Amino acid sequence: MSGSLQHPDRDPDRLQLVAQTQEPFGVVLACIDSRVPPELIFDTGLGDLFVMRTGGQAVGPVVTGSVEYGPLTGGTPLIVVLGHQRCGAVDAAYKSLRDSKPLPGSLQSIVEALRPAYDLTVRDPGADPVETMTRHQVKVTAHELRVNADLAPLVRNGSLAVIGAYYSLDTGQVEVLSGAPTGAASASPSASTSGSASGSASASPGPSGSPSGSASPPGSESASRSASAAPSAGSS
């Protein structure tokens with residue numbers, strides 16, 4: 001957030017170190033938006049993250065399999081579903097569903113993937129329905145990953161945390177919406193989560209404690225947690 005970037009793990013020595021094998025400490029499922037590159041937002045480098053990007057964090061079998069790859073094959077301890085402010089994909093999907101006007105080509109597949117978040121938004125749209133839908137989409141997607149048949153056992157035994165988060169284009173702040181590990185979050189609901197592009201997050205692997213809310217329905221988690229809510233893998 002301060003702009004004090006560290007640019008870690010980007011030199012030729014790092015490239016040589018990870019050339020033969022990799023052990024990323026996190027998986028990030030983010031939007032395709034050009035303003036939201038996870039590697040830059042979290043100030044990471046080569047070999048640090050598995051990154052998937054789809055419109056509005058839309059998921060399907062191939063995307064889910066890609067997210068599962070790290071945790072299931074290499075023990076990656078963290079998944080972050082990262083939504084963001086002013087998401088064009090969510091905005092287009094919201095308007096398409098609201099007005100019953102399908103989008104052209106394969107864009108409609110994104111609309112359908114975001115329909116569950118739209119349905120939740122219709123019940124309580126809030127001051128800005130698109131931002132409300134964006135947050136619902138993050139929570140729904142994170143919840144589905146958290147309880148899926150292959151990842152749920154890892155979540156239950158504490159070896160995997162699945163975090164839902166929201167990135168502010170205005171401030172660079174990342175707010176944890178759901179899935180913070182038990183005991184790591186501040187008890188204060190007013191605490192803000194400043195996961196930033198400043199490089200303040202550490203890169204040490206391993207979640208700190210078992211994730212909470214794995215059996216809770218999406219949208220039931222606190223909308224804001226402190227920066228300590230992230231695992232020590234550096235998901236702030």
Side-chain angles (χ1 to χ4, degrees), residues 24 26-42 44 48-73 76 78-151 162-172 174-175 177-179 197 217-219:
V27 177
V28 181
L29 172 59
C31 182
I32 62 171
D33 195 290
S34 63
R35 302 162 294 179
V36 192
E39 297 91 339
L40 300 185
I41 288 173
F42 295 114
T44 58
D48 289 339
L49 298 175
F50 289 114
V51 175
M52 277 65 63
R53 301 180 69 179
T54 66
Q57 306 83 241
V59 294
V62 172
V63 175
T64 299
S66 298
V67 172
E68 291 175 342
Y69 178 80
L72 296 183
T73 67
T76 306
L78 173 69
I79 295 171
V80 176
V81 179
L82 184 65
H84 67 94
Q85 185 181 26
R86 303 188 192 98
C87 180
V90 174
D91 181 61
Y94 175 81
K95 291 174 180 175
S96 172
L97 292 167
R98 181 196 62 190
D99 301 336
S100 299
K101 293 182 178 179
L103 297 184
S106 296
L107 290 174
Q108 188 59 26
S109 64
I110 298 176
V111 173
E112 294 304 323
L114 273 57
R115 186 181 289 274
Y118 174 80
D119 291 340
L120 289 170
T121 303
V122 169
R123 301 175 197 171
D124 185 8
D128 187 329
V130 173
E131 294 302 316
T132 299
M133 183 172 165
T134 298
R135 290 169 178 266
H136 279 312
Q137 172 62 9
V138 168
K139 293 179 183 180
V140 167
T141 302
H143 176 75
E144 288 177 351
L145 291 171
R146 200 176 295 124
V147 301
N148 102 5
D150 297 303
L151 296 177
V162 182
I163 305 295
Y166 176 91
Y167 174 68
S168 169
L169 293 172
D170 290 338
T171 67
V174 174
E175 175 188 357
L177 301 180
S178 66

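For the numbers below, each heavy atom of this structure counts, side chains included, while hydrogens, waters and symmetry mates do not. Source: prediction; values computed, not measured.
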Under the rule for side-chain contact (heavy atoms from CB on, under 4.5 Å), what residues qualify as partners of L107, not counting sequence neighbours?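 Once residues adjacent in sequence are excluded, the partners of L107 under the side-chain contact (heavy atoms from CB on, under 4.5 Å) criterion are L103, P104, I110.
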Can you name the side-chain contact (heavy atoms from CB on, under 4.5 Å) partners of T134, sequence neighbours left out?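 If we apply the side-chain contact (heavy atoms from CB on, under 4.5 Å) test to T134, skipping adjacent residues, the hits are C87, V90, V130, Y166.
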Only pairs at least two apart or in different chains count here, so list each salt bridge (Lys or Arg N to Asp or Glu O under 4.0 Å) that has a residue in residues 104-113.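 Output for this query lists E112-R115.
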Would you mind listing every salt bridge (Lys or Arg N to Asp or Glu O under 4.0 Å) that reaches into residues 97-109, with sequence neighbours excluded?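 Every candidate salt bridge (Lys or Arg N to Asp or Glu O under 4.0 Å) pair involving residues 97-109 fails, so no pair, neighbours aside, qualifies.
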Please list, chain by chain and in numerical order, all residues satisfying side-chain hydrogen bond (donor to acceptor under 3.5 Å, both in side chains) with D91, sequence neighbours excluded.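 Partners of D91 by the side-chain hydrogen bond (donor to acceptor under 3.5 Å, both in side chains) criterion, ordered by chain and then number, come out as K95.
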Run the side-chain hydrogen bond (donor to acceptor under 3.5 Å, both in side chains) test against D124 and tell me which residues pass, sequence neighbours left out.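 For D124, no residue satisfies side-chain hydrogen bond (donor to acceptor under 3.5 Å, both in side chains) once neighbours in sequence are set aside.
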Verify, without hydrogens or angle tests, whether T76 (side chain) and G26 (backbone) share a donor-acceptor contact under 3.5 angstrom.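 It does not hold such a pair.
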Is a donor on one side and an acceptor on the other found under 3.5 Å between the side chain of E131 and the backbone of R86?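 Here the side-chain-to-backbone pair exists.
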With sequence neighbours excluded, what pairs up with R35 under the salt bridge (charged side-chain N to carboxylate O under 4.0 Å, His left out) test?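 Testing R35 for salt bridge (charged side-chain N to carboxylate O under 4.0 Å, His left out), a comparison that skips the adjacent residues, returns D33.
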Considering residues at least two apart in sequence or located in another chain, which fulfil the salt bridge (charged side-chain N to carboxylate O under 4.0 Å, His left out) criterion with D128?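 Not a single residue meets the salt bridge (charged side-chain N to carboxylate O under 4.0 Å, His left out) criterion with D128.
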Do [X] and [Y] make a side-chain contact, defined as non-hydrogen atoms from C-beta onward lying under 4.5 Å apart?
X	Y	value
P71	V27	yes
L151	I79	yes
P37	R53	yes

Selection residues 87-123 - residue pairs positive for ring pair (Phe, Tyr, Trp, His ring centres under 6.0 Å), sequence neighbours left out: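 Residue pairs with at least one partner in residues 87-123: Y94-Y118.
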Provide the closest heavy-atom pair for [X] versus [Y] in the form atom of the first, atom of the second, distance.
X	Y	answer
P116	V140	CB-CG1, 4.5 Å
A93	M133	CB-CE, 4.1 Å
V174	A165	CG1-CB, 3.7 Å
Q137	T141	O-OG1, 2.8 Å
G164	R146	N-NH2, 4.4 Å
G126	T132	CA-OG1, 4.0 Å

Would you please test V36 and L169 for side-chain contact (heavy atoms from CB on, under 4.5 Å) and show each step? CA-CA 8 Å; V36 192; L169 293 172; 4.1 Å; yes
About how many Å separate CG of L82 and CG of L177, when rounded to the nearest 0.5 Å?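 Rounded to the nearest 0.5 Å, the CG-CG separation comes out at 9.5 Å.
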So how far is it from H84 NE2 to R135 CZ, rounded to the nearest 0.5 Å?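 The distance works out to 12.5 Å.
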Atom pairs and distances, donor-acceptor, side-chain atoms in residues 55-70, under 3.5 Å, two or more places apart:
from: T64; atom 1: OG1; to: G60; atom 2: O; distance (Å): 3.0
from: S66; atom 1: OG; to: V62; atom 2: O; distance (Å): 2.9
from: E68; atom 1: OE2; to: N148; atom 2: ND2; distance (Å): 2.8

